[in-house]
Structures are given as structure tokens and as C-alpha cells.
Amino acid sequence: MAKQTFSLDFCGRVITVETGEIAKQAGGSVLVRYEDTAVLSCATASKQAKEGIDFFPLTVTFEEKLYSAGKIPGGFLRREGRPSEHATLTARMIDRPIRPLFAEGFRNEVQVVNTVLSVDTDCTPEMTGMFGASLALGLSDIPFNGPIAGVYVGYVDGEYIINPSVEELSRSRITLAVAGTKDAINMVESSATEVNEEEMLEAILFGHENIKKLCAFQEEIIAACGKPKREITLYEIPSDLNQEVRDMVQDRLVEAVRIHEKLERYGKIDDLEDETVAAFEAREYEDEKSKQTTLKFVHEICHNIVVEEVRRLITVDKVRPDGRKIDEVRPLNSQVDLLPRVHGSALFTRGETQVLSVCTLGALNDNQIVDDLTDIEKKRFMHHYNFPPFCVGEVGRMGSPGRREIGHGALGEKALAQVLPSEDEFPYAIRLVAEVLESNGSSSQASICAGTMALMAAGVPIKAPVAGVAMGLVKEGEHYTILTDIQGMEDHFGDMDFKVAGTKNGITALQMDIKIDGITREILQEALEQAKAGRETIMANMMEAISEPRPEVGRYAPKIEKIMISPDKIKDVIGPGGKMINQIIADCDDVKIDIDDDGTVLIYHHDIEPIKKAVAMIEAITREAKVNEIYEGKVVRIEKFGAFVELFPGCDGLLHVSKIAHERVEKVEDVLKLGDIVKVKVIEIDEKGRVNVSRKACLEKPKAEKRAETTE
């Protein structure tokens, strides 16, 4: 196929799509240019379905090539290694709206690779990659119920902006990523500066209106050069086996679903499933493969029965698996100060979800160094989320965080970053770690609640406490139910996961994933209002444990002193090869010292005395004489024309012979000798920085001289 090019003027910037020339062996490939940003998106699927799996094997990557931004990678190897956090979050953001648009039972492996080749940070490479991923799938022979597209929405000076520039984002009250088809929204992620529900809703809908234009553009391109879609054999359960299993166990599984306690409920369901599988395992089969296939089908039928009953209970009977009302929050418990030696700690429990959050304060040189395609070079605030297998009663691999852990940590970071004090107000690096100890739904929002309390316990002067809640949706036809504070089963079997975090004044973070075709404005509005009520309930419980930030940082947190020195004196404090600053650190019990180019010096230590000592040493090094100031100095050198007096270490002043006394002094040695301590006043500092002092100005004038002055 020959190269084809298509262009669209989108909100004042040009999107250009090239296909048919690059990466032609991929199932579908496009080079998308958004002004100076360029992303190559390639989609490929395996020829055969992957056997023995019960999920859709889709992989989406976002390959950050640092050459695209004119950067050389850090580290020893100087080449790209494991994906950055930004790349992981972007890949996850692209995956979420695409995944629901493949047919149920699709088991062929699909890989979508987005390679960033050129970056203009004002022309989002993230949404360019999402556009390219959808279009590559649409042009390929892979069955895909798209297209989808995404945009960023900003809210600056009361106006909504599509794909705002970096400068506009710095002034925006909302940073919203929204994606969907031409008919419906199916993914939202946002941070905001305490905006109200109506402002957030309008931002989402404004974004969707512009998404429709991008979807229409993709449809035009697919119609012009898309490949015919291949026939795919979808995974299906034989109808006769389905009926046989249902006759055997459906009624008892339905009863098990209604058990309120999670582990008891899951245990009963597992027992019934094992019993049913054992009955089929005892039968005779043609071969081992037929046996294993049948047993796998039996497992899946049992699972489907549970799903159907949970959904029926919620939508028809308005009954939740644990017996709660649809807008009821599970029992809450909030605690602080569990750990005596850390800087701040809190435990938040909601039903069978429990998170321990620990806050650590550090010097600003503990900031995280960022090596990705964004303009951010350092991060002062870090929120990390850990989800060990034991928190759900399982055994599993322990290792580096996966996409889910990174995503949940980032959502909490967005929610809490909005209320942190500025670096000038609170010059610390801040790290929060959320340890999920139990999980039955919405541990990410529990980490936000625990994190808020840990920050306040650590003495971080946050602007307002933040609480979070996860909402759910189960929709059957025209009937739907919105659920407050969803548990794991409702999340897994439901149609929407809608997480909202905020203060009493408004929303600070939001994340939404929708598994069905989409939802209406009315459902969104209802979910936001119900979430607000849920947050208020949770916040009230948190405030019982700790209602405001502590006035001082904890005993074991580093204390801080801030002083200003002349930028010209920085080299003196550091010394040749860092000798002077290393000496100060060693003499002051290993204090931490940060020095900025503007002369700001921050000194940290757990005790105040070493800080005071370091301050005194730095002030001594950087001290400068000032005109009209009086010093008691030591005579360190005598010349015919006068004496040199050491005002303080590193600063000598010239005491001219004519300034030694009111009467005439013939020889300096007649009045002064080496080592004498004399009081002198600085009378002049010349253009070369030389200091001239006067002893005479500190002496009382003779009486005769005073009378003469009076007579005159």
C-alpha cells in the first residue's frame, strides 16, 4: 500500500496521520504528528487464540525515547531501561479505554506499541499515542469496536481548554484526561484544585464533545485505507454443559452469594465450585485435553452464576452482597501514631479494607530525580502504594511494583498534592508510603484517607484534609444502581469503577473506568453527588482521630533552619573541593545542608543544637562588615601607616594612624601592639571591598575639644 497522508485542524493545532510507509509488517501502523510531537503506533495480533487462559491477553506499551526530547538517559548504561513511572501510567491510560472494546471471548494475543519519536510538551505525546493506538487497531485486520480518542482538558480563568500547554496547565484549576468513543465516555482521570462537582462534570462533557471530532477523523481514515477484519473464533462455553452445571449447583451458589462476610462468602463459593468440578472430574473422557477443557468450562460457569446473581441482587432487589444500603459506607475506624519512631503514621480501616500510611520528611536534596519526557526534573512529594498478596488472603510474588501499584500510588499523589504547603512554606521532601494490610475494594481511596492523617500527624501544614471514596455502577437495560463504597465483588462484577477524592471544598482527584458502552450525564451527576455524601461520612470519622495538622514536626523528624547568604559567598561556604562544607557537616553531627543559587541555605537535623552550631559556622564564614557597625577586633599586623585589625575571621580592617586617637599619634607602636583587642567602627568600604575602621570614633572626645565646639 502506498503512503497516504491525512490532516485535521484540531482546536488550532494540526494533526497529521501518515500510513503505508513505515512499519508495514505490523498488523496496523500509523505515524501521528501533532505539530512537532510524533508517535509511531503499531498494533499486531497473534494468528491463533492463546489456549488455557480465561482473560484477553492485551499488552499496551508507551515507549519513551529520550532522544525525542533531546535528552541522553541517566544511569551507567546511558540507554533506556525499564519504563519510567510516567511511561507506565501513560500505557495504563491508553489500555483502559481500549480494552473494553474487544469482543467477549477474544483470546488472540494483541500488542499495541506506541513509540515516541519527537516531543513538543505543549502538544501532548500521551494523547497522541492514544489516538495512534486506536487508529492502528482500526486500520489493522484485528476486530476492534472502536475507534476511541482522548484529550486533556484544562480550566483556566473560567474557560475550558483542550490539550492545554505546559504554561496553561500551570494556571489550570483542573488537569483532566478523558477518553471515549463517539457515543460515550469510558475513561477519566483528573487532578483538581478543589473544584465543585458541576465544574468537573462540565469539563468531562466538554472533553467528550471534542473526542467526537477525533473519532470521526479516524473513521474517515479507516474507510479510506483500513484492512478487512479477520474472522476470529471467540471463546464459548457449550450450551448443554452450561445447562447441566446450572441444574447441579446454581441454587446453592445463589445462597452463598448472600453471605455477608467476605472470607466466609468466598469460602462457601469455592467449596461449591470444587464440589461441582470434582463431580465432572470423576467422569470418563476421550483424552486428558478434553477433560481439562471441560473442567475449565465448569469453573467458568460457576463464576458466571455468581456474577449474574450479584448483578441481579443489586439492580433488581437493590440488595448488596454484604447487606448494606446502596449509599451506605462500611464501618470506619481511624487511628494515628501507631509507630513511635517514624515521622507520622495513620491506620485507616473501612470494612475489610485497611491501609497503614507512613510519612517521612527529608531534606530537599532527597527529592526524586525524574528522567522521562516531561518537563519535570525533580519531585518533592512522593506517594507509594504497596499491595502484598497477604492482604487478600493469598500467596503470590513479592517484587517491584506493577502497573496497578504505580497507578494507585499516582492517584493518591494527585489527590494529596493539591493540599500540600509550598516549598517556601515547608521546605521538606515528603514521602508517603501506603501499606495495604487488608483489601476488599477501594484500597486506593483508603490510602488517601490514611495518607491525609499521616501528613497531619507528621506536622505537615496541609491546607485541608482529603478523603476518598470509590463508587460503582451496575446497569441492566434501563435499570441501574449507583453504589457508594464498593467492595471487591461489586468492583469485579460491576460496570463502573469511579473513584473521587476531595476536601470539604471540592474535588482534588478523580478516576473512572467504564466496562460498558458508556454512561449518561445523569448517571455521572448522580454518582458525583453520591460520592460527595460518602466523602463527608468518611471525613467525619477521620477528624475524630486527628482534626488538624500538628503545630510542629515530630520528635524524630528533621528540624530545619533557613538563612540567607550572599550568592558571592556560596563558594566560601563550600570551600575548595567541598572541604569547608564537609567540615561543617562533620563538626555538627552530620547535619544536612542544602544551598540554592540564590543564597538560600537550609540546614536539617533531628536536634536543634547541631543546627544552631552549623548556622553560627556559616554566618562566621559569610559575615560581611557593614559601615557604622562597631566591632571588638584583634590587632594582627602593624605598619608605619597604621594597624590591621581582625574584625572577625576572614575580615581585616585598616586602622590608619590618623584614626587611632583624637590626639596626634606619631608611631602606631606608641598606642597599639600585636594581639591588643580594640573597639573600632567601620567608616568606609571602598569599591574593592577594602574595609577602613576608626578607633577614634569609639573614644570619647577630650573636654577641651568639646568646649571649643560649643564656643564655635
Contact between [X] and [Y] at the side-chain level, heavy atoms closer than 4.5 Å - yes or no?
{"X": "S190", "Y": "T175", "answer": "no"}
{"X": "V178", "Y": "Y152", "answer": "no"}
{"X": "L137", "Y": "F102", "answer": "yes"}
{"X": "S41", "Y": "V113", "answer": "no"}
{"X": "L524", "Y": "M512", "answer": "yes"}
{"X": "E490", "Y": "I314", "answer": "yes"}
{"X": "N386", "Y": "M398", "answer": "no"}
{"X": "I462", "Y": "M456", "answer": "yes"}

Counting only heavy atoms from other residues, nucleotides and ligands, does the tally under 6.0 Å from [atom1] of [X] exceed 12?
{"X": "K378", "atom1": "NZ", "answer": "no"}
{"X": "K379", "atom1": "NZ", "answer": "yes"}
{"X": "E552", "atom1": "CD", "answer": "no"}

Are Q445 and S442 close enough, and set up right, to give a side-chain hydrogen bond (donor to acceptor under 3.5 Å, both in side chains), and what steps lead you there? CA-CA 6 Å; Q445 299 307 288; S442 192; 5.5 Å; no

Apply side-chain contact (heavy atoms from CB on, under 4.5 Å) to residues F348 and R350 and explain how you reach the verdict. CA-CA 7 Å; F348 178 79; R350 188 197 326 100; 3.8 Å; yes

Within the 6.0 Å centroid threshold, strictly below: Y428 and Y604: yes

Salt-bridge contact [X]-[Y] (side-chain N to carboxylate O under 4.0 Å):
{"X": "D495", "Y": "R311", "result": "yes"}
{"X": "K504", "Y": "E536", "result": "no"}
{"X": "R173", "Y": "E199", "result": "yes"}
{"X": "K325", "Y": "D327", "result": "no"}

State whether a side-chain donor-acceptor pair under 3.5 Å links [X] with [Y].
{"X": "S84", "Y": "E64", "result": "yes"}
{"X": "N541", "Y": "S334", "result": "yes"}
{"X": "T315", "Y": "K475", "result": "no"}
{"X": "Y385", "Y": "S443", "result": "yes"}

Please determine whether side-chain hydrogen bond (donor to acceptor under 3.5 Å, both in side chains) holds for the pair T353 and N440, giving the CA-CA distance in whole Å, both sets of side-chain angles, and the decisive distance to 0.1 Å. CA-CA 5 Å; T353 294; N440 185 17; 6.0 Å; no

Over all heavy atoms of both residues, which pair between [X] and [Y] is shortest? Give the atoms and the distance, please.
{"X": "M471", "Y": "D485", "result": "SD-N, 4.4 Å"}
{"X": "P465", "Y": "M539", "result": "O-CE, 3.2 Å"}
{"X": "C215", "Y": "A149", "result": "SG-N, 4.0 Å"}
{"X": "A192", "Y": "Q418", "result": "O-CG, 3.1 Å"}
{"X": "V466", "Y": "M542", "result": "O-CE, 3.4 Å"}
{"X": "L361", "Y": "H343", "result": "N-ND1, 2.9 Å"}

How long is the span from the [atom1] atom in [X] to the [atom2] atom in [Y], to the nearest 0.5 Å?
{"X": "L169", "Y": "I174", "atom1": "CG", "atom2": "CD1", "answer": "11.5 Å"}
{"X": "I162", "Y": "R13", "atom1": "CD1", "atom2": "CZ", "answer": "10.5 Å"}
{"X": "I148", "Y": "I185", "atom1": "CD1", "atom2": "CD1", "answer": "13.0 Å"}
{"X": "E423", "Y": "L602", "atom1": "CD", "atom2": "CG", "answer": "8.0 Å"}
{"X": "N163", "Y": "D122", "atom1": "CG", "atom2": "CG", "answer": "10.5 Å"}
{"X": "L176", "Y": "Y155", "atom1": "CG", "atom2": "OH", "answer": "13.0 Å"}

Relative to each other, are the rings of H86 and F62 parallel, tilted or perpendicular (30° and 60° limits)? perpendicular

side-chain contact (heavy atoms from CB on, under 4.5 Å) assessment of R330 paired with T484: CA-CA 9 Å; R330 287 171 288 176; T484 297; over 6 Å; no

Where do D322 and Q487 land on the side-chain contact (heavy atoms from CB on, under 4.5 Å) test, with the steps shown first? CA-CA 9 Å; D322 58 3; Q487 58 178 312; 3.3 Å; yes

Considering residues at least two apart in sequence or located in another chain, which fulfil the side chain to side chain contact (heavy atoms under 4.5 Å, CB included) criterion with L347? Q335, L338, T349, Q354, L356, L437

Are any side-chain N or O atoms of T37 and backbone N or O atoms of C123, one a donor and one an acceptor, separated by less than 3.5 Å? yes

Under the criterion salt bridge (charged side-chain N to carboxylate O under 4.0 Å, His left out), I'd like the reasoning laid out for E80 against K65: C-alpha separation, chi angles, the key distance, then a yes or no. CA-CA 7 Å; E80 290 83 3; K65 303 298 182 182; 5.0 Å; no

Per salt bridge (charged side-chain N to carboxylate O under 4.0 Å, His left out), R521 is matched among E198, E209, E526 by E198

Could you give me the CA-CA distance, side-chain angles and deciding distance for L483 and R320, then say whether side-chain contact (heavy atoms from CB on, under 4.5 Å) is met? CA-CA 9 Å; L483 304 171; R320 302 175 73 168; 3.9 Å; yes

Can the positive tip of R341 be found less than 6.0 Å from the middle of the six-membered ring of Y556, inside 45° of the ring normal? yes

I would like to know whether R92 and E189 meet salt bridge (charged side-chain N to carboxylate O under 4.0 Å, His left out); could you show each step before the answer? CA-CA 11 Å; R92 193 169 182 260; E189 186 150 336; 5.2 Å; no

Check step by step if side-chain hydrogen bond (donor to acceptor under 3.5 Å, both in side chains) holds for E126 and T90. CA-CA 6 Å; E126 299 86 2; T90 303; 4.8 Å; no

Any pair counted as salt bridge (Lys or Arg N to Asp or Glu O under 4.0 Å), so long as it reaches residues 428-452, sequence neighbours left out: none

Apply the test side-chain hydrogen bond (donor to acceptor under 3.5 Å, both in side chains) to residues E194 and T508: give CA-CA distance (whole Å), side-chain angles for both, the deciding distance (0.1 Å), then the verdict. CA-CA 5 Å; E194 299 178 282; T508 59; over 6 Å; no

Which is it for R82 and E63 under the salt bridge (charged side-chain N to carboxylate O under 4.0 Å, His left out) test, yes or no, and what are the steps along the way? CA-CA 10 Å; R82 61 177 294 175; E63 304 291 325; over 6 Å; no

Between R171 and D157, is a salt bridge (charged side-chain N to carboxylate O under 4.0 Å, His left out) present by the stated rule, with each step listed? CA-CA 8 Å; R171 298 185 288 116; D157 300 330; 3.5 Å; yes

